[in-house]
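Reading through the structure tokens given below for one structure.
Below, chain A is the first sequence line, B the second, and so on; all start at residue 1. Source: prediction; values computed, not measured.
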Number of protein chains: 2
Amino acid sequence: MAVTIYDIAEKAGVGIGTVSRALNNSPHISLRTKEKVQAVITELGYQPHAMARGLAKQKTYTFAVIVPVFTGYFFMEVLRGVQQEVTKAHYDMILYSVDHSDKTDLFLKKVTREKRVDGALLISLGISDVQASACTRLRFPIVLVDSTHPSLDSITVQNRQGAERATSHLISLGHTKIGMIDAQLKSSPAQVRLEGYRDALKKHGLPLDEKYLIISDQIAGQHGFNRESGYLAMKQLLQLGSERPTAVFVSSDIQAAGAVRAISEEGLTIPEDVSLIGFDDIEIAEYLELTTMRQPMFQLGQLGVRRLLERIANPDLERFHRSFDTELVIRQSCGIVTSTN
Amino acid sequence: MAVTIYDIAEKAGVGIGTVSRALNNSPHISLRTKEKVQAVITELGYQPHAMARGLAKQKTYTFAVIVPVFTGYFFMEVLRGVQQEVTKAHYDMILYSVDHSDKTDLFLKKVTREKRVDGALLISLGISDVQASACTRLRFPIVLVDSTHPSLDSITVQNRQGAERATSHLISLGHTKIGMIDAQLKSSPAQVRLEGYRDALKKHGLPLDEKYLIISDQIAGQHGFNRESGYLAMKQLLQLGSERPTAVFVSSDIQAAGAVRAISEEGLTIPEDVSLIGFDDIEIAEYLELTTMRQPMFQLGQLGVRRLLERIANPDLERFHRSFDTELVIRQSCGIVTSTN
DNA sequence: ACCATATTTGGAAGCCCTTCCAAAATTTGC
DNA sequence: GCAAATTTTGGAAGGGCTTCCAAATATGGT
């Protein structure tokens with residue numbers, strides 16, 4: 001058996017309550033005994049039993065981070081931000097990865113009842129109204145990152161405005177035949193970015209040509225935010241021949257990576273034949289010389305944790321919503337339309 | 001208060017022991033009562049309290065995964081493999097990230113005493129002899145991935161052989177002035193890859209020229225496996241002017257990415273002016289057309305978890321060591337030396 | 001020196017489960 | 001139909017901690 005609070009109490013010649021007080025640096029203990037107890041604690045290499053403490057305190061100093069199967073730089077960056085704050089706050093994080101977005105609710109149901117965690121951070125995953133209200137009813141602290149729900153805290157990116165600016169950027173370079181490659185609309189960022197694309201076209205009096213809008217196929221519940229689907233979508237766009245768009249706004253850099261490949265396979269060049277603008281600014285965007293809209297991924301994770309900790313500390317906080325600006329990062333993938341076009 | 005086992009017992013008209021038996025599908029319960037109890041459980045939406053269960057059972061169905069601050073595709077891939085198996089096994093994973101490799105022992109010390117987890121997976125992190133023997137003494141299940149210790153289970157990659165093959169590949173293309181960019185030697189893969197490099201030179205009767213061997217600077221406790229350090233190292237190599245190596249083996253793709261930049265900044269081209277071979281086969285290697293040694297990252301994670309679960313189930317297992325082969329992935333970054341060279 | 005306050009202390013009760021033992025219910029054998 | 005063997009059941013004890021209350025000790029005022 002490992003060393004317990006009773007061993008410490010006995011060896012230090014105090015009661016177990018006193019040991020507990022020394023441990024939790026309670027104000028109701030004299031400095032002298034506290035130091036005496038702490039000496040014994042280090043001597044025996046004692047460490048409180050996390051489960052016992054969690055049970056007694058009804059608090060686990062742990063929270064759940066629920067992410068879609070994390071493939072991709074985006075989640076990695078968000079998680080880095082999460083990690084940094086988690087460590088700072090001396091919390092632990094349990095990582096759950098959801099292989100199909102429909103299962104999000106199941107995970108949440110488990111997590112909210114099991115009392116293994118003090119709260120949850122939901123990343124890029126939607127939540128049903130039923131679960132959302134269950135969370136508020138149970139006063140279970142939860143923060144959405146890169147996703148929203150009217151009745152919950154959320155931290156997002158200005159997807160609509162970002163998409164609008166991306167598209168407008170292409171327009172400002174003289175493009176009029178502007179395509180969009182989007183992911184499945186059941187993904188909220190995909191949905192909202194499409195709106196931004198529409199906004200921009202409308203604002204500049206350009207028609208929305210349905211054949212220029214390609215929705216990536218869903219692969220393995222992943223909403224199409226992947227290279228393969230971007231590749232396929234771009235192939236489709238290029239089949240339009242001379243009718244093809246001169247510029248394309250792609251809803252994620254990873255899809256744009258696939259698009260780049262499709263374009264070069266057709267013997268075309270970027271940006272001469274087709275301009276490309278992405279979204280995210282992931283690592284490979286730099287290699288691809290891809291112009292893109294940068295999302296503050298690290299900060300999303302960071303702020304998510306901070307907010308969650310605040311809400312854990314005080315569950316009665318006002319609803320909170322923060323939306324980060326995106327930033328246009330100009331590289332080499334967008335060209336100006338010359339009169340010869 | 002949430003619904004407990006007592007609520008279930010009362011509503012089902014049975015004792016608490018019976019509810020527990022229904023929950024853990026014990027053989028000592030009749031089918032009839034079991035179903036009756038389960039009906040009540042679903043009706044009330046009961047979920048066992050994880051902490052209480054953990055305390056009573058002395059088993060948490062959770063383990064720790066300890067990684068260096070995970071920046072980079074390598075860890076992401078390993079983690080994906082880990083996740084997949086963890087989910088399959090209905091375990092939870094707590095992710096700890098160590099910002100400085102010296103702190104590994106601290107984390108382990110905490111984790112082994114706290115009883116929050118049933119075991120730990122250590123990824124790309126070394127362990128001291130003291131901690132290693134503490135783990136065996138406490139019979140704490142632990143598996144090392146991408147790192148080794150004589151007295152613990154480990155899963156690695158044949159770094160030495162891989163590095164030897166990478167270097168030999170360059171030699172077979174006719175190169176004789178072959179440099180190496182390595183990370184800090186306190187990182188075991190870095191150390192071992194250097195040995196492989198030496199093996200290859202020796203085998204082919206080539207001299208080891210110290211000026212061709214650059215050890216990346218350590219940045220933020222990260223052993224130099226990053227782009228910046230690769231960039232700097234390559235700059236240094238290129239300053240040798242006409243004396244510069246015609247080919248370089250870089251100990252990781254991410255460093256190679258930095259090296260690529262350094263080379264192009266000098267107005268040189270790959271592979272005409274300098275050939276490059278990396279290690280890992282991370283995502284951007286494809287974009288860089290980088291020839292490299294592929295590591296089975298996903299499988300490392302997968303097998304790590306499997307082994308850990310086996311050891312948790314049976315702590316008396318024989319020591320285990322598995323080393324994966326690397327695979328040469330040939331792309332465009334290595335050229336043949338022509339007679340004009 | 002003595003009482004009133006304030007501080008510190010010990011340990012019982014409780015957090016929610018599992019496990020074990022003894023008791024109750026059921027089945028089996030004849 | 002009855003005793004013996006077997007299966008099923010209830011619930012006390014225990015896992016390691018925190019918290020609370022009452023008791024003990026210390027402090028201060030006069």
Side-chain angles (χ1 to χ4, degrees), chain A residues 1-38 40-41 44-62 92 110-118 138, chain B residues 1-38 40-41 44-62 92 110-118 138:
Chain A
M1 263 320 96
V3 28
T4 74
I5 213 177
Y6 288 89
D7 302 321
I8 305 295
E10 191 178 358
K11 183 139 189 173
V14 298
I16 55 159
T18 305
V19 177
S20 179
R21 276 181 286 261
L23 240 35
N24 296 283
N25 56 5
S26 144
H28 304 299
I29 185 172
S30 72
L31 189 61
R32 243 164 49 83
T33 37
K34 186 174 181 171
E35 279 169 353
K36 183 173 62 178
V37 171
Q38 271 164 349
V40 178
I41 286 175
L44 299 190
Y46 168 77
Q47 176 94 32
H49 190 299
M51 299 284 136
R53 174 175 278 196
L55 180 58
K57 244 198 174 131
Q58 300 290 60
K59 193 157 189 315
T60 62
Y61 301 99
T62 304
D92 284 347
K110 181 188 169 210
V111 145
T112 50
R113 287 164 147 67
E114 219 187 13
K115 296 196 170 260
R116 184 192 288 272
V117 296
D118 296 341
L138 294 167
Chain B
M1 263 317 99
V3 28
T4 74
I5 212 177
Y6 289 87
D7 303 321
I8 304 295
E10 191 179 356
K11 184 139 188 172
V14 298
I16 54 159
T18 304
V19 177
S20 179
R21 277 181 286 262
L23 239 38
N24 297 283
N25 59 2
S26 141
H28 304 299
I29 186 172
S30 72
L31 189 61
R32 244 166 50 83
T33 35
K34 186 175 181 170
E35 279 170 352
K36 184 173 64 181
V37 172
Q38 271 163 350
V40 179
I41 286 175
L44 299 190
Y46 167 77
Q47 176 97 33
H49 190 299
M51 297 286 134
R53 175 175 277 199
L55 180 58
K57 246 199 175 131
Q58 300 288 60
K59 192 158 188 317
T60 61
Y61 300 99
T62 305
D92 284 347
K110 181 187 169 212
V111 143
T112 51
R113 286 161 148 67
E114 218 188 12
K115 309 242 163 219
R116 183 192 289 271
V117 297
D118 296 340
L138 295 166

To the nearest Å, give me how far apart [atom1] ([X]) and [atom2] ([N]) are.
{"X": "A/Arg53", "N": "D/dG15", "atom1": "CZ", "atom2": "P", "value": "19 Å"}
{"X": "B/Arg116", "N": "D/dG16", "atom1": "CZ", "atom2": "C1'", "value": "14 Å"}
{"X": "B/Glu114", "N": "D/dC17", "atom1": "CD", "atom2": "C1'", "value": "13 Å"}
{"X": "B/Ile5", "N": "C/dC16", "atom1": "CD1", "atom2": "P", "value": "11 Å"}
{"X": "B/Lys115", "N": "D/dG14", "atom1": "NZ", "atom2": "P", "value": "19 Å"}
{"X": "A/Ile16", "N": "D/dC17", "atom1": "CD1", "atom2": "P", "value": "10 Å"}
{"X": "B/Lys59", "N": "C/dC17", "atom1": "NZ", "atom2": "P", "value": "18 Å"}
{"X": "A/Tyr6", "N": "D/dT18", "atom1": "OH", "atom2": "C1'", "value": "10 Å"}

Looking at the side chain of A/Leu55, which of D/dG10, D/dC17, C/dC16 is the nearest nucleotide?
-> C/dC16
With a 4.0 Å cut-off on heavy atoms, is B/Ser20 in touch with a base, just the backbone sugar-phosphate, or nothing at all?
-> base
Quick one: which protein N/O atoms are closer than 3.5 Å to N/O atoms of nucleotides 21-23 of chain D? Pair and distance per line, please.
none

Mind running a 4.0 Å heavy-atom check of residues 22-37 of chain B against DNA chain D and sending the residues that fall below it, in number order?
-> B/Pro27, B/His28, B/Ile29, B/Ser30, B/Thr33
Identify the heavy atoms of A/Ala12 and A/Val40 that sit nearest to each other, and give their distance.
-> CB-CG2, 3.7 Å
Step by step, work out the side-chain contact (heavy atoms from CB on, under 4.5 Å) result for B/Thr4 and B/His49.
-> CA-CA 8 Å; B/Thr4 74; B/His49 190 299; over 6 Å; no
Rounding to 0.5 Å, atoms CD1 (B/Ile29) and CD (B/Glu35) come to a distance of 10.0 Å
Separation of B/Thr33 OG1 from B/Gln38 CD (nearest 0.5 Å) = 10.0 Å
Taking for each residue the nucleotide of DNA chain D bearing the nearest heavy atom, is the 5' side occupied by B/Val19 or by B/Met51?
-> B/Val19
Applying salt bridge (Lys or Arg N to Asp or Glu O under 4.0 Å), which residue pairs with at least one partner in residues 44-61 of chain B are found, sequence neighbours left out?
-> B/Lys59-B/Asp118
In chain order, what residues pass the side chain to side chain contact (heavy atoms under 4.5 Å, CB included) check against A/Glu114, with sequence neighbours excluded?
-> A/Tyr96, A/Lys110, A/Arg116, B/Gln47, B/Ala50
Please table the atom pairs, donor to acceptor, closer than 3.5 Å between any side-chain atom in residues 14-23 of chain A and protein atoms at least two apart or in another chain.
{"from": "A/Ser20", "atom 1": "OG", "to": "A/Asn24", "atom 2": "ND2", "distance (Å)": "3.4"}

Any side-chain N or O of [X] under 4.0 Å from OP1/OP2 of [N]?
{"X": "A/Tyr46", "N": "D/dC17", "answer": "yes"}
{"X": "A/Gln58", "N": "D/dT19", "answer": "no"}
{"X": "A/Thr18", "N": "C/dG10", "answer": "yes"}

With A/Tyr6, which residues qualify under ring pair (Phe, Tyr, Trp, His ring centres under 6.0 Å), at least two apart?
-> none
Is there a side-chain contact between B/Asn25 and B/Lys34, using heavy atoms and a 4.5 Å cut-off?
-> yes
